[in-house]
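Naming: A, B, ... by sequence-line order, numbering from 1 per chain. Because the structure is predicted, anything quoted here is derived from the model rather than measured.
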2 protein chains.
Amino acid sequence: MFDSFDLKLLNALQEDSDRTAEELAEIIALSSSAIARRIRRLKESGAIARTIALLSAEIVDHRLRAIVRLQLHEHEKAGDFTDFRNRLEARDEVQLCLEVSGSDDVMLLVACRDMAEFNDFADSELAASPIVRRYETSFVKKEIKNRPMVRLDERDA
Amino acid sequence: MFDSFDLKLLNALQEDSDRTAEELAEIIALSSSAIARRIRRLKESGAIARTIALLSAEIVDHRLRAIVRLQLHEHEKAGDFTDFRNRLEARDEVQLCLEVSGSDDVMLLVACRDMAEFNDFADSELAASPIVRRYETSFVKKEIKNRPMVRLDERDA
DNA sequence: AGTGAAACTCTGGCACC
DNA sequence: GGTGCCAGAGTTTCACT
């Protein structure tokens, strides 16, 4: 699937996708046209899902972020859970939604403007949902690291 | 700080930063040169911290991801905690590290290749650390949503 | 994969509001 | 102050080797 050039390229683009093909060619031992060709192929094939801008911590830190751990009722029809998932996915406040193992079933990272907005979210999406058994909230005091990056190596080839 | 054009632009770039100034000019009512100028200013001022490529879910799903909730010992010297934070920050496996309120002190999202690698990580960084009192791990079964985006509006101006 | 030319995109100066 | 227009610089794309 990927040769070692692709792997280096994917790692580099996950760190900073703003560099030109020529700059990347200096890091990876390849001509700029080969770099450009590979980037285009990786985007077309979907290996690179999308490229996005991340805002400064100064802006993001003005939001109230919360980790919410959900326990669901056990015998839910698949349809209800799908609806619930779709509702969460549609909410702008939900940055991350993961189905997890262990005593909790779902974990959310929610970014709101303030506590009032968080309460509105929790009331309408969580407390009001018949499939949520209970939920527990921790608020984010400080972001120490946020790097979505997955470093690839030859084992990912 | 930001006028309504900047806010629209920041929202658009958080969703997809691969569009040209001309394409963005069709969404936002501005000429392409004005768009390009604003993007450059937003990057120079640091409002846009960086732009990154996100890999496809197919690639990321081959990793074993875990949510780890940490409780620390209470009377830690600030220096020890700083060291601990720096170690976690330096580990590629740590995608997200948050200081939180509530019964836990720190929450991690960790991406490893397999359980063996996760255990190595947990043993060397968590179990071996004198400042960690206990930790609890949930593994990610399924990613339902992952959008780091923070939607801005006139209240962020 | 690399080279070079064509096409496209961004940059910077100037007039305008 | 910021915008739009246009020309030049820089970057990507494409045919060919």
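Regarding F5(B), its CZ atom lies at a distance of 7 Å from the P atom of dT3(D), rounded to whole Å. In this structure, CD1 of I28(A) is placed 14 Å from C1' of dA1(C), rounded to the nearest angstrom. In this structure, E44(B) atom CD and dG12(C) atom C1' are separated by 13 Å, rounded to whole Å. Rounding to whole angstrom units, CE of residue M1(B) and C1' of dG2(D) are separated by 17 Å. Atom CZ of R19(B) and atom C1' of dC10(C) are 18 Å apart (whole Å). Spacing between atom CG of L42(A) and atom C1' of dT12(D) amounts to 16 Å, rounded to whole angstrom units. At whole-Å resolution of the value, CZ in R41(A) and P in dT12(D) are 17 Å apart. Rounded to whole Å, atom P of dC10(C) lies 12 Å from atom CG of L9(B).
Relative to the side chain of A36(B), the nucleotides dC14(D), dC10(C), dA1(C) differ in distance, and dC10(C) lies closest. Comparing dT9(C), dA1(C), dC5(D) by their nearest atom to the side chain of S33(B) picks out dC5(D). Side-chain atoms of R37(A) lie closest to dA1(C) of the nucleotides dA1(C), dT3(D), dC10(C). Nearest nucleotide to the R40(A) side chain, out of dC14(D), dG2(C), dA1(C): dC14(D).
Under a 4.0 Å N-O distance rule, the pair R69(B)/E136(B) qualifies as a salt bridge.
The heavy-atom pair separating R19(A) from A12(A) by the smallest distance is NH2-O, 2.8 Å. In plain terms, the two heavy atoms of N11(A) and V150(A) that are nearest each other are OD1-O, 3.8 Å. Considering every non-hydrogen atom in both V106(B) and C97(B), the closest pair reads CG1-SG, 4.0 Å.
Counting non-hydrogen atoms under 4.0 angstrom, R38(B) reaches the backbone sugars and phosphates but no base.
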